[in-house]
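These notes are about the structure you will find just below.
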Amino acid sequence: EVQLVESGGGLVQAGGSLRLSCAASGFTLDDYGIGWFRQAPGKEREVVSCISSRDGSTYYADSVKGRFTITSDIAKNMVYLQMNSLKTEDTAVYYCAAARLDTIVVVSTTLTGDFRSWGQGTQVTVSS
């Protein structure tokens, strides 16, 4: 059974940092891309970042480039999202999700994929 479990969310002041973790089980990371998504109240869910553990390639939404870093540890089946210089607009529930690598497409600055497996989410709140 494919499972994804996020952790690491919390309350932080603007300018601060958090590291989110995504624990994957039931599959091996090198066959999948792992994405981090977020959804703020009243807004649509958006992809924040994505990584292919197979070749290390990464994707970042423009809104987080230079501030967030996604990494993976294949041996531990873990994916991390280091979030620095947090802004109040980063406040959202953050989810990790898995998609088979051959379903992930990046066109210009837009990433799409068949993300079928999702975690339960972790709340990130950035105060001013």
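What you see is a predicted model; the values in this text were computed from it and never measured.
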How long is the straight-line distance from [atom2] of [Y] back to [atom1] of [X], given to the nearest 0.5 Å?
{"X": "Ile74", "Y": "Arg54", "atom1": "CD1", "atom2": "CZ", "value": "9.5 Å"}
{"X": "Ser72", "Y": "Met78", "atom1": "OG", "atom2": "CE", "value": "11.0 Å"}
{"X": "Ser52", "Y": "Tyr32", "atom1": "OG", "atom2": "OH", "value": "13.0 Å"}

Checking the side chain of [X] only, and the main-chain atoms of [Y] only, is there a donor and an acceptor separated by less than 3.5 Å?
{"X": "Asp114", "Y": "Asp102", "result": "no"}
{"X": "Gln120", "Y": "Glu6", "result": "yes"}
{"X": "Asn77", "Y": "Ala24", "result": "yes"}
{"X": "Arg19", "Y": "Gln82", "result": "no"}

**Asked** Do Tyr60 and Thr109 have side chains that get closer than 4.5 Å, going by heavy atoms?
**Response** no

**Asked** Below 4.5 Å, heavy atoms only, C-beta onward: do Cys50 and Ile104 meet side chain to side chain?
**Response**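 Result yes, sub-4.5 Å side-chain heavy-atom pair found.
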
Check whether [X] and [Y] end up in the same hydrophobic cluster, where Ile, Leu, Val, Met, Phe, Trp and Tyr are linked by side-chain heavy atoms less than 4.5 Å apart.
{"X": "Phe27", "Y": "Tyr80", "result": "no"}
{"X": "Leu29", "Y": "Leu101", "result": "no"}
{"X": "Leu81", "Y": "Leu11", "result": "no"}
{"X": "Val48", "Y": "Val5", "result": "no"}

What are the two closest non-hydrogen atoms of [X] and [Y], and how far apart are they?
{"X": "Ala40", "Y": "Ala92", "answer": "N-CB, 3.8 Å"}
{"X": "Lys43", "Y": "Gln39", "answer": "O-NE2, 3.1 Å"}
{"X": "Phe115", "Y": "Gly33", "answer": "CE2-O, 4.1 Å"}
{"X": "Thr122", "Y": "Gly9", "answer": "OG1-N, 3.1 Å"}
{"X": "Val2", "Y": "Ser117", "answer": "CG1-OG, 3.3 Å"}
{"X": "Gly113", "Y": "Ala99", "answer": "C-CB, 4.5 Å"}

**Asked** Would you call Lys87 and Asp90 a salt bridge, using N to O less than 4.0 angstrom?
**Response**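 No, this pair does not count.
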
**Prompt:** Who pairs with Val124 by side-chain contact (heavy atoms from CB on, under 4.5 Å), at least two apart in sequence or on another chain?
**Reply:** Leu18, Leu20, Met83, Tyr94, Val126

**Fill in**
Only residue of Ile51, Thr71, Leu4 satisfying side-chain contact (heavy atoms from CB on, under 4.5 Å) with Val79 is Ile51

**Request:** Return the orientation label for the Trp118 and Tyr95 ring planes: parallel under 30°, perpendicular over 60°, tilted otherwise.
**Result:** perpendicular

**Asked** Would one find more than 12 heavy atoms of other residues, nucleotides or ligands at under 6.0 Å from atom CZ of Arg100?
**Response**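 Yes, enclosed.
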
**Request:** Begin with the C-alpha distance, continue with both residues' side-chain angles, and end with the deciding distance and a verdict on side-chain contact (heavy atoms from CB on, under 4.5 Å) for Ser53 and Ile34.
**Result:** CA-CA 8 Å; Ser53 298; Ile34 302 296; 5.7 Å; no

**Message:** With side-chain contact (heavy atoms from CB on, under 4.5 Å) as the criterion, how do Gln13 and Leu86 come out once you've worked through the C-alpha distance, each side chain's angles and the decisive distance to 0.1 Å?
**Reply:** CA-CA 8 Å; Gln13 285 192 324; Leu86 282 161; over 6 Å; no

**Prompt:** Yes or no on side-chain contact (heavy atoms from CB on, under 4.5 Å) for Tyr59 and Val47, after CA distance, side-chain angles and deciding distance?
**Reply:** CA-CA 9 Å; Tyr59 164 91; Val47 60; 4.0 Å; yes

**Message:** What verdict does the side-chain contact (heavy atoms from CB on, under 4.5 Å) test give for Ser63 and Arg38, after you've listed the backbone C-alpha separation in whole Å, the side-chain angles of each residue and the deciding distance to 0.1 Å?
**Reply:** CA-CA 12 Å; Ser63 58; Arg38 66 187 181 188; 3.5 Å; yes

